[in-house]
Amino acid sequence: MSLRTFYVVRHGKAGDPDKWTGDDRLRPLTKKGKKQAEDLVAVFNRLPVSDVYSSDYLRCVQTVEPLAAARRLEIKRSPSLEFGSGLRGLGEFLEDRALGDVVLSTHGDIMFELVEDLVAREVIKAGDGGYQKGSTWVLEVDEHGVTERARFIPAP
């Protein structure tokens with residue numbers, strides 16, 4: 001059975017939402033978040049990446065900009081990765097048999113649901129990884145988009 005790989009990245013550290021007065025979609029990365037984004041290039045140094053997708057929220061796009069630039073890839077924006085889309089939105093990518101070695105930049109709520117699902121289905125054990133800002137889950141999925149193996153990469 002051939003498995004396809006997806007890299008689910010939670011956006012880097014962004015400004016405090018309680019102190020942000022504008023549209024939350026425009027809330028940017030902090031200085032630390034920008035450093036995390038730059039450091040993702042090294043995290044992915046030896047990993048194959050064919051495409052980069054992101055939530056349209058600025059902080060998600062900013063998180064993968066250095067990686068996309070280093071790989072000379074365009075960031076494709078998708079509402080399926082936006083806050084509130086849940087596993088359903090993530091599943092749209094995992095179930096697409098034409099995709100593999102794809103980076104998906106998204107939000108904490110989706111990462112939390114992903115980790116809960118992986119634990120519930122016994123793909124990972126509780127505590128094997130988390131969903132902190134800037135972290136990545138490497139998912140290996142079957143032809144139906146079902147995650148068979150998962151590995152956590154802590155935030156840089």
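The chain is numbered in sequence order, starting from 1. Side chains are part of it too, since the values below use all heavy atoms of this structure and drop only hydrogens, waters and symmetry mates.
Under a 3.5 Å cut-off, the side chain of Arg27 and the backbone N or O of Gly15 do form a donor-acceptor pair. Judged by distance alone, with hydrogens and angles left aside, the side-chain atoms of Ser54 form no donor-acceptor pair with the main-chain N or O of Asp56 at under 3.5 Å. Looking only at distances, no side-chain donor or acceptor of Glu82 sits under 3.5 Å from a matching main-chain atom of Tyr57. Of the possible donor and acceptor atoms, none in the side chain of Ser55 sits under 3.5 Å from a partner among the backbone N and O of Ser80. The backbone N or O of Ile153 lies less than 3.5 Å from no partner atom in the side chain of Thr136, so there is not a single donor-acceptor pair. The closest donor-acceptor contact from the side chain of Trp137 to the backbone of Gly130 lies under 3.5 Å.
Residue Phe152 qualifies as enclosed at atom CZ: its count of foreign heavy atoms under 6.0 Å is above 12. Remark: Arg25 CZ is packed, more than 12 non-hydrogen atoms of other residues, nucleotides or ligands lying under 6.0 Å away.
Residues Asp39 and Lys35 have side chains in contact (heavy-atom distance under 4.5 Å, counting atoms from C-beta outward). Looking at heavy atoms from C-beta onward, Glu148 lies out of side-chain contact with Val123 at the 4.5 angstrom threshold. The shortest distance between side-chain heavy atoms of Thr147 and Glu140 does not fall below 4.5 Å. The shortest side-chain heavy-atom distance between Leu139 and Leu114 falls under the 4.5 Å cut-off. Val146 has its side chain out of reach of Val141: every pair of non-hydrogen atoms, C-beta onward, lies at least 4.5 Å apart. Between Leu3 and Arg149 there is a side-chain heavy-atom pair separated by less than 4.5 Å. In this structure, Lys76 and Asp51 have side chains that are in contact, with non-hydrogen atoms separated by less than 4.5 Å.
Cys60 SG to Arg77 CZ: the interatomic distance, rounded to the nearest 0.5 Å, is 10.5 Å. One distance of note links CG of Leu26 with CG of Leu58; it measures 6.5 Å at 0.5 Å rounding. Taken from OG1 in Thr106 to CG in Leu90, the straight-line distance is 7.0 Å, to the nearest 0.5 Å. Here Leu104 contributes atom CG and Ile110 contributes atom CD1; the two are 9.5 Å apart, rounded to the nearest 0.5 Å. Within the model, atoms CD of Gln132 and CZ of Arg10 stand 8.5 Å from one another, a figure rounded to the nearest 0.5 Å. Atom CG of Leu118 sits about 13.5 Å away from atom CZ of Arg151, to the nearest 0.5 Å.
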Checklist line | Verdict with reasoning, Gln36 to Thr63, per side-chain contact (heavy atoms from CB on, under 4.5 Å) | finding: CA-CA 7 Å; Gln36 288 175 316; Thr63 297; over 6 Å; no
What verdict does the ring-ring contact (aromatic ring centres under 6.0 Å, His included) test give for Phe93 and Tyr53, after you've listed the backbone C-alpha separation in whole Å, the side-chain angles of each residue and the deciding distance to 0.1 Å?
CA-CA 10 Å; Phe93 290 93; Tyr53 288 84; 4.9 Å; yes
Subject >> Candidate pair Val9 and Ser135, rule side-chain contact (heavy atoms from CB on, under 4.5 Å), full reasoning >> reply: CA-CA 6 Å; Val9 178; Ser135 64; over 6 Å; no
Pair Val103-Val64, side-chain contact (heavy atoms from CB on, under 4.5 Å): steps then yes or no:
CA-CA 8 Å; Val103 173; Val64 291; 3.9 Å; yes
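Nearest approach of Phe6 to Leu99, heavy atoms of both residues: CZ-O, 3.7 Å. The two residues Ala14 and Thr30 come nearest to each other via the heavy atoms C-CG2, 3.4 Å. For Ala70 against Val41, the heavy-atom pair with the smallest separation is CB-CG1, 3.9 Å. Contact detail for Gly134 and Pro156: the closest heavy-atom pair is O-CD, 3.4 Å.
Looking at Arg4 and Glu143, no side-chain N of the basic residue comes within less than 4.0 Å of a carboxylate O on the acidic one, giving no salt bridge. For Arg59 and Asp24, the salt-bridge test passes: some basic side-chain N is under 4.0 Å from an acidic carboxylate O.
Residue pairs satisfying the salt bridge (Lys or Arg N to Asp or Glu O under 4.0 Å) criterion with at least one member in residues 122-139, sequence neighbours excluded, are absent. Contacts classified as salt bridge (Lys or Arg N to Asp or Glu O under 4.0 Å) and involving residues 90-117 (residues at least two apart or in different chains) are given here: Asp117-Arg121.
Hydrophobic clustering (ILVMFWY, side-chain heavy atoms < 4.5 Å, transitive): Met111 and Leu94 are in one cluster. Cluster annotation: Val119 is connected to Leu87 through the hydrophobic network of ILVMFWY side chains, with a link wherever side-chain heavy atoms come within less than 4.5 Å. Residues Val138 and Val8 fall into different hydrophobic clusters, defined by Ile, Leu, Val, Met, Phe, Trp and Tyr side chains chained together at heavy-atom separations under 4.5 Å. Hydrophobic clustering (ILVMFWY, side-chain heavy atoms < 4.5 Å, transitive): Val61 and Val49 are in one cluster.
His11 and Ser105 share no donor-acceptor pair across their side chains, judged by distance under 3.5 Å alone.
Classification of the Tyr7-Phe44 ring pair by plane angle, with boundaries at 30° and 60°, yields perpendicular.
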